[in-house]
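A short worksheet on the structure shown next.
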Amino acid sequence: MSVHLLGIRHHGPGSARHVLEALQNLRPDVILVEGPPEGEAILKWVGDQEMKPPVALLAYVPDNPKQSVFYPFAEFSPEWQAIVYGLKNKIPVRFIDMPLTHKLVEVPAEESPENATPDIGMADEVADFIPVTKNPLSHLAEIAGFDDQEEWWEHHFEIAKQPEDVFASIGEAIGALREGLTENNKVEKIREAFMRRGIRQAEREMYSSITVICGAWHVPALQNMPKQKDDDALLKNLPKTKIETTWIPWTNDRLAFESGYGAGLDSPGWYKHIWNNQNDDGTRWLTYSANVFRSNKIDISSAHIIEAVRLANTLAALRNLSKAGLKELNEATQTVMCMGDDIQMQLIRSELIIGNDMGSVPAGIPQVPLQKDFEQQVKSLRLKVINEEKILNLDLRETNGLQKSILFHRLLILDIKWAKQRYISGKGTFKEEWLLLWYPELSIALLEKAPWGNTVESACNHYLKHISSNCGHLAQITELVSKVLPADLHEGVQILLTRMDELAAMTSDIAMLMDAFIPLTEVSRYGNVRKTDQETIGAILQSIFFRLNAGLPSSCFGIDEEQSVLVADKIKAVNKAILFLDDEMMKNAWLETLATVLKQKNVVPLVHGTCCKLLYDSKVIGKEETALEFSRALSGGNDPSYSALWIEGFLKDAATVLVFDHEIWEILNNWLSEVSAEVFLEVVPLLRRTFATYTPSEKNSIAQKVKQAPTLGRSFTQKDEVDVARAEMVLPVLEKILGF
């Protein structure tokens, strides 16, 4: 009986190649792999034709999917190649790491950060749980003349071909590093005890040739096995939780994340190239680099490639390396192809060094009902879940476009941010633009919402009921309504409406009621295109409208200047929203409320002026009554600051009134002419704040009007004599100009 320990770097192409060679030579009876035992049941899917790495084994706690862990696999991962080899040759493959039923148990926050460090392959692993100030592998790198231990590992184990005893060398080197160092991480000790238990179990089952594939750091702990009773004592009475596992697609950029093994990989695209092109001297890689530049309209010639290859190999020779690595190839690319500019190297990093590969998993993989429903909808709508940004334009007048939009909005309610809505200029409501980008963590987001329902629609409704019950402010419910209406969730809308009535009845904050009303008028426009229940929207609008109508008059006095600016702006916004609705009943009720405010005494000047302007625009009050309000506001008995604030309320964003309404111009002009120099200096800052909102052309028109005769504003009266004969002489000219 023999046990062969193969210490590897997780996601290392050189390690994967050495593992395959060792397995072919050793021909073991059983293969033991560092991995979660709960994943053994789904290893059979690895041999499926539809399974294409990168993929990840996802393990999670069903009642709390946030308690989860990914075990990513790339084509060049040693564990992946060992599993594939075992399945092809009908050799049992087992996972012997610490069971996740123990590892994913929630622990108190004070215990987890320092003591529950996940396993990490090679260099990263050592740094995280060994209490030394320096990464132990850096000692080996320095002896070999490398500043970076990752670069040292790459040249000695990922690029160069090694003899069959490479694993013995790794074991000796790691053993020397671990000797004398104190290991105080309890989780790591437990994990290695479980690995030893897995080896002992295989020995008891009388396997004659056992091969173990694990992170190189664990090799010494598995070579020098303590007594079984010591390991049993360490593993006694561990807490448990229920675990479920599945496979999900993974992406190259996510291979850099540390999860499961904990091994992150900064250059998955480069490692894939090493795996598929072991004998490349840099020519293929630099040709791919040239193609990336060319596809981005950067001119690169064959001469650039030849020169870059020569430079990379020269650098390798100067550094006593067997062949050029990624560092040398990057330096050659930047020097020759980029003329020293490092900005263009970002293209190489994103498209080559990292790459945009995304794996796929078979359709029959175990899934929760919510995942199945999501994938069925994606398939029926002919959408693609890819790890690339894609812009999708939808026409909501078409059934397919409308259903896609509904799905995207429902996913946003569930915080599954696959699609992000983009702004489209124009007034039409039947078009939408979405930016789609899928990344593997969204699978976890789906799992998190699985307890809320078996379909996307039911999950949304139950989730809305949950979050609405926790909303304590009307604005929160309003925001939810804005999201729910385009998602076509009638049950969800009814839930929010009930909660909105409860909160609206409990609030006397007019600003909050206005904030709730305005967005509802905007989302109501979806009714025509989305076939939304207009009666439901109308009920919500009326409920909020009559409450704010009743409370507005009493909220317009006794407030400071800052609050009055806020109230005035919201009054104008509500007025605009009501005009947008084109509801005669609401419009009349609103104008009556504004008239009530105008008649009240002690209303703050800014709000009073604003209400006067809105009533003037709606022709509820005429010029004479408006002029009378001006006269009252600008009376010499008032404080000058009161008059200036009233003017701001009336004239803010209303330059056309000054330009074309001569009577109001005359009133304002007379008031400014009569104030003293001291008062004028006092009110100028307030007046400047009003006029600062005008456009340059509006300011120019006002300036031109100032230059005109003082009698410009004089109104025409019946006492003025009209020369009828002279007037008739003008008529033929006017008819010709107007084309009559």
Side-chain angles (χ1 to χ4, degrees), residues 1-48 51 53 57 71 73-99 119 121-122 157-158 161-175 191-225 228 231 260-261 263 275:
M1 183 179 296
S2 58
V3 178
H4 304 278
L5 302 176
L6 309 184
I8 52 92
R9 172 187 168 86
H10 303 301
H11 311 312
S15 294
R17 189 174 292 110
H18 298 147
V19 164
L20 270 182
E21 292 175 358
L23 290 174
Q24 290 166 358
N25 293 331
L26 296 171
R27 298 186 179 278
D29 299 326
V30 64
I31 300 173
L32 308 182
V33 178
E34 179 188 336
E38 292 86 351
E40 286 182 21
I42 60 173
L43 285 182
K44 60 183 180 180
W45 295 101
V46 172
D48 194 289
M51 180 75 86
L57 191 157
Y71 284 81
F73 295 91
E75 181 185 6
F76 47 80
S77 298
E79 300 90 345
W80 181 264
Q81 290 299 325
I83 294 168
V84 171
Y85 178 86
L87 292 176
K88 284 183 178 180
N89 293 277
K90 295 182 171 42
I91 300 173
V93 179
R94 296 179 181 177
F95 281 151
I96 60 170
D97 201 352
M98 178 181 180
D119 179 29
M122 294 307 299
F157 299 101
E158 308 303 342
K161 294 182 179 180
Q162 295 293 325
E164 294 181 3
D165 59 353
V166 61
F167 293 111
S169 301
I170 291 175
E172 291 179 10
I174 300 300
R191 291 185 59 218
E192 292 175 343
F194 270 111
M195 294 182 198
R196 292 190 290 265
R197 173 180 283 186
I199 295 173
R200 293 189 184 105
Q201 179 65 30
E203 290 175 335
R204 283 195 296 269
E205 294 176 8
M206 303 304 292
Y207 285 107
S208 60
S209 180
I210 303 170
T211 297
V212 181
I213 297 152
C214 62
W217 188 256
H218 299 299
V219 170
L222 305 186
Q223 280 178 331
N224 307 308
M225 298 179 69
Q228 181 175 340
D231 282 345
Y261 309 118
W275 172 253

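Counting from 1, the numbers follow the sequence of the chain as shown. What you see is a predicted model; the values in this text were computed from it and never measured.
- Contact of the L222 side chain with the C214 side chain is registered, since non-hydrogen atoms from C-beta on lie closer than 4.5 Å.
- Every side chain to side chain contact (heavy atoms under 4.5 Å, CB included) that P220 has, sequence neighbours left out, goes to I174, R178.
- For D29, the salt bridge (Lys or Arg N to Asp or Glu O under 4.0 Å) test picks out no residue, with sequence neighbours left out.
- Not counting sequence neighbours, E172 has no partner by the side chain to side chain contact (heavy atoms under 4.5 Å, CB included) test.
- By the side chain to side chain donor-acceptor pair (under 3.5 Å) test, R27 pairs with no residue at all, sequence neighbours left out.
- Between D231 and R197 no salt bridge is recorded (no basic side-chain N to carboxylate O distance below 4.0 Å).
- Two residues are said to be in side-chain contact when any heavy atoms from C-beta on lie closer than 4.5 Å; W275 and R17 meet this criterion.
- We find the OH-CD distance between Y71 and E38 to be 8.0 Å, quoted to the nearest 0.5 Å.
- Q81 is not listed as a side-chain neighbour of V19, based on a closest heavy-atom distance of 4.5 Å or more.
- Applying the side chain to side chain contact (heavy atoms under 4.5 Å, CB included) criterion to V3, with sequence neighbours excluded, gives L5, I199, E203, I210, V212.
- Side chain of R196 to main chain of A221: a donor-acceptor pair is present (N/O by atom type, distance under 3.5 Å, no hydrogens or angles).
- Expressed to the nearest 0.5 Å, how far CD1 of I83 lies from CD1 of I91 amounts to 13.0 Å.
- Here the closest heavy-atom approach between residue G39 and residue L57 is recorded as CA-CD1, 3.8 Å.
- Within the structure, salt bridge (Lys or Arg N to Asp or Glu O under 4.0 Å) contacts touching residues 205-221 (residues at least two apart or in different chains) are R94-E205.
- Looking at H4 and T211, their side chains never bring a donor and an acceptor atom within 3.5 Å of each other.
- Residues V84 and V46 have side chains in contact (heavy-atom distance under 4.5 Å, counting atoms from C-beta outward).
- Ring geometry for H18 against F167 counts as perpendicular: the plane angle is over 60°, on a 0 to 90° scale with 30° as the lower cut.
- You'll find the side chain of P92 reaches within 4.5 Å of the side chain of Y207, heavy atoms only.
- Within the 4.5 Å cutoff, the side chain of Q201 has no heavy atoms near those of the I96 side chain.
- Residues S15 and P78 approach most closely at CB-CG, 3.6 Å, considering heavy atoms.
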